[in-house]
Amino acid sequence: MFRLWCKIWKDNRMVKDTVICEEGTDTRTHKIFHALEECCYRFDLGKPMWLDATVKEFQHHAKARFTQDNFVETIPFDYLEIQVIEED
């Protein structure tokens, strides 16, 4: 099982969070993209863009922050953070 923890932060406080569980035979990358899409659906957000800095951060730490720079529309929070908490 693959689990991704999605958190919305504002003023150094977590205001929303959810865990997305993915099962199946997809690649890790597909699981991450699908889980992020589901997270954005649950939080009613547009999908963020993966900037080079975001990709590097995720590759090194299995954790990434999506700030206003990653979104097309204005967001009412400081950042969306995703973190892999379980992989098969």
Side-chain angles (χ1 to χ4, degrees):
M1 177 180 298
F2 176 86
R3 295 187 324 159
L4 188 75
W5 189 12
C6 304
K7 303 169 266 189
I8 290 182
W9 292 84
K10 182 172 177 108
D11 299 327
N12 292 323
R13 295 174 193 256
M14 184 172 51
V15 293
K16 283 186 184 178
D17 74 317
T18 189
V19 175
I20 310 294
C21 300
E22 288 286 323
E23 294 186 33
T25 58
D26 279 344
T27 64
R28 180 179 190 259
T29 303
H30 285 119
K31 288 178 182 178
I32 292 164
F33 287 154
H34 186 265
L36 180 59
E37 188 174 321
E38 176 64 24
C39 168
C40 290
Y41 176 77
R42 289 185 189 181
F43 290 155
D44 193 26
L45 297 172
K47 288 190 340 188
M49 296 177 285
W50 286 85
L51 303 175
D52 291 341
T54 314
V55 172
K56 286 180 184 177
E57 179 184 8
F58 193 78
Q59 287 172 339
H60 289 121
H61 306 290
K63 183 180 195 179
R65 290 182 178 178
F66 296 94
T67 61
Q68 179 62 60
D69 293 340
N70 298 90
F71 290 91
V72 174
E73 70 278 351
T74 303
I75 55 173
F77 51 86
D78 296 332
Y79 58 89
L80 168 68
E81 182 177 80
I82 62 171
Q83 179 179 4
V84 175
I85 56 175
E86 183 180 349
E87 292 187 72
D88 322 59

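Looking only at side-chain heavy atoms (C-beta outward), Lys10 and Ile8 stay at 4.5 Å or farther from each other. No side-chain heavy atom of Thr54 sits under 4.5 Å from any side-chain heavy atom of Phe58. Side-chain atoms of Asp78 and Asp11, non-hydrogen and from C-beta on, do get closer than 4.5 Å to each other.
Taken together through direct or relayed side-chain contacts under 4.5 Å among Ile, Leu, Val, Met, Phe, Trp and Tyr, Phe66 and Val55 form part of one hydrophobic cluster. Transitive grouping of hydrophobic side chains (ILVMFWY, heavy atoms separated by less than 4.5 Å) keeps Ile20 and Val84 in distinct clusters.
Gln68 contributes a side-chain N or O that, together with a main-chain N or O of Ile75, makes up a donor-acceptor pair within less than 3.5 Å. Side chain of His34 to main chain of His30: no donor-acceptor pair is present (N/O by atom type, distance under 3.5 Å, no hydrogens or angles).
Between Trp9 and Tyr79, the ring-plane angle classifies as parallel under the 30° and 60° cut-offs.
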Next on the checklist: Set out, in order, the CA-CA distance, both residues' side-chain angles and the distance that settles side chain to side chain contact (heavy atoms under 4.5 Å, CB included) for Phe77 and Leu45, then state yes or no.
Outcome noted: CA-CA 11 Å; Phe77 51 86; Leu45 297 172; 3.6 Å; yes
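Here the closest non-hydrogen pair linking Val72 and Met49 is CG2-CE, 4.5 Å. Taking both residues in full, the closest heavy atoms of Leu4 and Ala35 are given as CD2-CB, 3.6 Å, listed atom of the first, atom of the second, then distance. Of all the heavy atoms in Cys6 and Leu80, the pair that sits closest is CB-CD1, 4.5 Å. In this structure, Arg42 and Val19 approach most closely via the heavy-atom pair NH1-O, 3.4 Å. When all heavy atoms of Cys40 and Gly46 are compared, the closest pair comes out as SG-O, 3.8 Å. For Asp69 against Leu51, the heavy-atom pair with the smallest separation is O-CD1, 4.0 Å.
Counting non-hydrogen atoms of other residues, nucleotides and ligands closer than 6.0 Å to CH2 of Trp50 gives a total above 12. Atom CD of Glu73 has more than 12 heavy atoms from other residues, nucleotides or ligands within 6.0 Å.
Interatomic distance, Arg65 CZ to Thr67 OG1, rounded to the nearest 0.5 Å: 10.0 Å.
Between Cys21 and the options Lys31, Glu86, Met1, Glu38, a side chain to side chain contact (heavy atoms under 4.5 Å, CB included) holds for only Met1.
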